[in-house]
Amino acid sequence: MRIAGRIMLRRGQGKVFFLEIRDWTERIQVFVGKNQIGEAGWAIAGHLDLGDLVGVDGRLGFTKTGELTVFAGHLVFLAKSLLPPPEKWHGLTDQEQRYRQREVDLFSNPESMNVLLGRSKIVSAFRSVMAAKGFVEVETPTMQSIAGGAAARPFVTHHNALDIDLFLRIAPELYLKRLLVGGMERVFEIGRVYRNEGLSPRHNPEFTMMEAYQAYGDYHAMMDLTEALFASAIEAVGGGFVRTWGEATIDFTLPWPRRTYHDLVAECAAIDPHDPDAVVERARAAGIETAGKDQVVVLSELFEAVVEDQLTGPVFVIDYPAEICPLTKRKTTNPAVAERFELYIKGVELANAYTELNDPILQESLFRRQLAGLPAEESMAKMDDEFIRALRHAMPPAGGLGIGVDRLAMILLDRSTIRDVILFPLMRPRSAAPPP
RNA sequence: GCCCUCCUAGCUCAAUUGGCAGAGCAGCUGACUCUUAAUCAGCGGGUUGAAGGUUCGAGUCCUUCGGGGGGCACCA
């Protein structure tokens, strides 16, 4: 049999020694004996160090102690490690180095390898589900002249030939909806979005979002799709539907509860959300500044302060106040309520979806309106003339969905920080001179 | 931006009240043909993140700076 991999351990015993070789799936022991591989092979073997990559041809068998072993008949030097590997027992434990030198982390800590391969399984599962449901994967601009589709501070860059500033996208939403207008009835995109905001265990400036749009669907269809996607992701990484995340236990058994925003505020804050005085009073009690802010902005901040942390299991929070959802269709029975949901798990927002607003007249007026208490930067409502023009050609009624892939990976792979599920999280560059 | 905390050999970590900077692994030399983080004998390896200060004496105390981690804020 023939194997290749990195030398992780070497145990010498005179004219025979044992190697532990690891590839990205497994480790196996190799027996190398002077009499067995001959003078030339023994000469090569003398130069092997921990960290080197070698190829081995030999017979598969068992040692005296019963360990599965490749008895080397021939050794091939594949690549030399000039730098010493991390300590063989503890591996690389320093967080900074694990992120800065991810390649070393990956080959020395199998746990890290499994987590990051697990992330890839989740993304593959998403693609399989979407393909099975007839969605096509597309790619839309990541450099945009208007950073629309979400509320976030964008990164700015510059195109020299056109001499224009461009924003790195904060969401692909508006372009994907233009594809609906064009007749691509089921589209999705998995890609990076960029938000110029702080770093935290749940925030990296670039992160991966999946957005999907389904013509003739609505937000209920998106809830069903979300459940199907998560179920498939859970099956892909294994471990069942009742899972631990840190100290917590999360039960993903389908279906998940669908609770209205209104009911949750009433329940968690113990007030009537329709009573403006009660909302303001309760918000002040929670330490929220209310002066000069619209009622819905206060309500929204109250929701975050009082409700979000109590949303433990997977729960769809549905039917948001229309004023804070400028891209969402209103309920035909109640125009004050938008057909939107957010999926929360242990207080973390994992998904956000709408029945998409497809009325160009209303959309334009919502883009022009600015809610009091919200600076332009924090508003989703940014005028995008190209998008409005597209809507004027008639966009089919549709459901749209966005899922934070990194946060899902964190929860399904039981990691407490988003940096553990991103191959190369953003770090401040080292100022010291790099090694030669 | 604010608060807490950490930074000692390539890696993992010690160093008592402020009193000679150490160990294991890795490396080098030697012994060993069935080991399991192999073992045994020996040898090298340091501007203790940086600069300044207090002190007879600083890895240890103080100040500033750099970097990391955690938390807060931000992220509707």
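For the numbers below, each heavy atom of this structure counts, side chains included, while hydrogens, waters and symmetry mates do not. Chain naming here is simple, since letters A, B, ... match the order of the sequence lines and numbering starts at 1 in each.
- Separating the P atom of C11(B) from that of U16(B) is a span of 23 Å, rounded to the nearest Å.
- More than 12 heavy atoms of other shown residues, nucleotides or ligands fall within 6.0 angstrom of atom CD in E103(A).
- If you measure from atom CG of L82(A) to atom P of A26(B), you get 19 Å, rounded to the nearest angstrom.
- Although no hydrogens or angles enter the test, the distance criterion places a donor-acceptor pair under 3.5 Å between the side chain of E87(A) and the main chain of W89(A).
- Taking the C1' atoms as reference points, A15(B) lies 12 Å from G19(B), given to the whole Å.
- Rounded to an integer number of Å, the gap from OH of Y344(A) to C1' of A76(B) is 9 Å.
- Atom CG in L50(A) sits roughly 15 Å away from atom C1' in U12(B) (whole-Å rounding).
- Straight-line distance between the P atoms of C43(B) and C7(B): roughly 31 Å, to the nearest whole Å.
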Readout for nucleotides 38-46 of chain B: B = base within 4.0 Å of protein heavy atom, S = sugar-phosphate only, - = neither; 5' to 3' it is B--------
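- Both key distances under 3.5 Å define a Watson-Crick or G-U pair, and stretches of 3 or more such consecutive pairs in RNA chain B run B:1-7 with B:66-72, B:10-13 with B:22-25, B:27-31 with B:39-43, B:49-53 with B:61-65.
- Using atom P as the reference point in both G10(B) and G27(B), the two lie 15 Å apart (nearest Å).
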Taking N or O atoms only and anything under 3.5 Å, show me the protein contacts with nucleotides 2-9 of chain B, one pair per line.
none

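- E20(A) has no carboxylate O lying under 4.0 Å from a charged side-chain N of R10(A), or vice versa, which leaves the two without a salt bridge.
- When rounded to the nearest whole Å, the span between NZ of K80(A) and P of G27(B) equals 9 Å.
- Atom NE2 of H158(A) has more than 12 heavy atoms from other residues, nucleotides or ligands within 6.0 Å.
- Between the C1' atoms of G24(B) and G67(B), the separation comes to 27 Å (whole Å).
- Heavy atoms from other residues, nucleotides or ligands lying under 6.0 Å from CE of M427(A) number more than 12.
- Within 6.0 Å of the CZ atom in R389(A), the count of heavy atoms belonging to other residues, nucleotides or ligands exceeds 12.
- Taking atom CG of residue L19(A) and atom P of nucleotide A26(B), one finds them 13 Å apart after rounding to whole Å.
- Taking the centre and axis of the six-membered ring of F107(A), the NZ or CZ atom of R6(A) falls inside the cone set by 45° and 6.0 Å.
- Nucleotides C6(B) and C61(B) place their P atoms 9 Å apart, quoted to the nearest Å.
- Of the two residues near RNA chain B, F62(A) and E87(A), the one whose nearest nucleotide lies more 5' is E87(A).
- Among the protein residues, Y99(A) comes within range of the sugar-phosphate backbone only, with heavy atoms under 4.0 Å from sugar or phosphate atoms but none that close to a base.
- Regarding contacts with the backbone of U12(B), a side-chain N or O of T93(A) is found under 4.0 angstrom from either OP1 or OP2.
- G33(A) comes within 4.0 angstrom of no nucleic acid atom, judged by non-hydrogen atoms across all strands.
- Within 4.0 Å (heavy atoms only), T63(A) reaches at least one base atom of the nucleic acid.
- The CD atom of Q95(A) sits 14 Å away from the C1' atom of G67(B) (whole-angstrom rounding).
- RNA chain B is contacted by no residue of residues 104-116 of chain A, taking any non-hydrogen atom closer than 4.0 Å.
- Between Y261(A) and F303(A), the ring planes lie parallel to each other; the angle is under 30°, not in the 30° to 60° tilted range.
- The 5' end of RNA chain B is approached more closely, in terms of each residue's nearest nucleotide, by H90(A) than by the other of Q36(A) and H90(A).
- A 6.0 Å sphere centred on CD of E304(A) holds more than 12 heavy atoms belonging to other residues, nucleotides or ligands.
- Remark: side-chain polar atoms of D23(A) are paired, donor with acceptor, to backbone N or O of T25(A) under 3.5 angstrom.
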Between side-chain atoms of residues 68-76 of chain A and protein atoms elsewhere (two or more places apart, or another chain), which donor-acceptor pairs fall under 3.5 Å?
| unit_1 | atom_1 | unit_2 | atom_2 | d |
| --- | --- | --- | --- | --- |
| T69(A) | OG1 | Q29(A) | NE2 | 3.0 |
| T69(A) | OG1 | E67(A) | O | 2.9 |

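- Taking the six-membered ring for Trp and thresholds of 30 and 60 degrees, F17(A) and W42(A) have ring planes inclined between 30 and 60 degrees apart.
- The residue E67(A) sits close to a base: some heavy atom pair falls under 4.0 Å.
- One C1' atom belongs to G59(B), the other to G46(B), and the distance between them is 12 Å to the nearest Å.
- Heavy atoms of Q97(A) sit under 4.0 angstrom from primed sugar atoms or phosphate atoms, though from no base atom.
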*For side chain to side chain donor-acceptor pair (under 3.5 Å), just list the numbers for Y175(A) and E173(A), CA-CA rounded to whole Å, side-chain angles, deciding distance to a tenth of an Å, and then say yes or no.*
CA-CA 6 Å; Y175(A) 283 95; E173(A) 172 148 353; over 6 Å; no
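- The interatomic distance linking W89(A) (CH2) with C13(B) (P) rounds to 15 Å, in whole Å.
- R202(A) has its CZ atom 15 Å from the C1' atom of C74(B), to the nearest Å.
- Counting only residues at least two apart or in different chains, salt bridge (Lys or Arg N to Asp or Glu O under 4.0 Å) contacts with residues 190-199 of chain A comprise R192(A)-E206(A).
- Relative orientation of the F155(A) and Y194(A) rings is perpendicular, given thresholds of 30° and 60° on the angle between their planes.
- Geometrically, R258(A) engages F316(A) in a cation-pi contact defined by less than 6.0 Å to the ring centre and at most 45° from the axis.
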